[in-house]
S.K.: 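First, the structure itself, so that you have it in front of you.
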Amino acid sequence: MARKDDILKSFLTHELLENKYEFNKEDLPSTIREALNSDKPIIKAIALIVEGLDGIAPVTDSVLRNQVTQFLNEAL
């Protein structure tokens, strides 16, 4: 498993997210690629952040913030 997949898993299994969104652990994506294709906006937003910060070509905080904000505005 890649490092960013481990980071994603640690976010998605955090008790705050589990309590608020009541995710079924069996339904959680195990890779960044799966999370980026998720139909749940919170999962995809977290995947965008992890990919942006730990991907092949990391982006600046400002660019990442704009990407996530734009995605969430469109998704909601």
S.K.: Going by side-chain contact (heavy atoms from CB on, under 4.5 Å), name the residues that satisfy it together with Leu36, two or more places apart in sequence or in a different chain.
M.R.: Ile32, Ala47, Leu48
S.K.: Measure the spacing between CG of Asp6 and OG of Ser30 and express it to the nearest 0.5 Å.
M.R.: 10.5 Å
S.K.: Which residue pairs satisfy the ring-ring contact (aromatic ring centres under 6.0 Å, His included) criterion with at least one member in residues 20-41, sequence neighbours excluded?
M.R.: Tyr21-Phe23
S.K.: Which residues pass the side-chain contact (heavy atoms from CB on, under 4.5 Å) test with Ile46, sequence neighbours left out?
M.R.: Leu8, Phe11, Leu12, Leu17, Ile42, Val50
S.K.: Under the salt bridge (Lys or Arg N to Asp or Glu O under 4.0 Å) rule, collect the residues that match up with Lys44, sequence neighbours excluded.
M.R.: none
S.K.: Can you pull out every salt bridge (charged side-chain N to carboxylate O under 4.0 Å, His left out) where at least one residue sits in residues 16-43? Sequence neighbours excluded, please.
M.R.: Glu18-Lys25
S.K.: Just grab all the ring-ring contact (aromatic ring centres under 6.0 Å, His included) pairs involving residues 51-76, residues at least two apart or on different chains.
M.R.: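 Checked against ring-ring contact (aromatic ring centres under 6.0 Å, His included) - neighbours excluded - no pair reaches residues 51-76.
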S.K.: How far apart are the closest heavy atoms of Pro29 and Ile43, and which atoms are they?
M.R.: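 Heavy-atom minimum between the residues: CG-CG2, 3.7 Å.
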S.K.: For residues 48-65, pull every pair meeting salt bridge (charged side-chain N to carboxylate O under 4.0 Å, His left out), keeping only residues two or more places apart or in separate chains.
M.R.: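 Output for this query lists Arg3-Asp54, Lys4-Glu51.
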S.K.: Just to verify, what does Asn66 make a side-chain contact (heavy atoms from CB on, under 4.5 Å) with, not counting sequence neighbours?
M.R.: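 Asn66 satisfies side-chain contact (heavy atoms from CB on, under 4.5 Å) with Ser62 once adjacent residues are dropped.
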S.K.: So which pairs with a foot in residues 26-51 pass ring-ring contact (aromatic ring centres under 6.0 Å, His included), sequence neighbours left out?
M.R.: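 Those involving residues 26-51 do not exist here.
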S.K.: Under the rule for side-chain hydrogen bond (donor to acceptor under 3.5 Å, both in side chains), what residues qualify as partners of Gln70, not counting sequence neighbours?
M.R.: Glu74
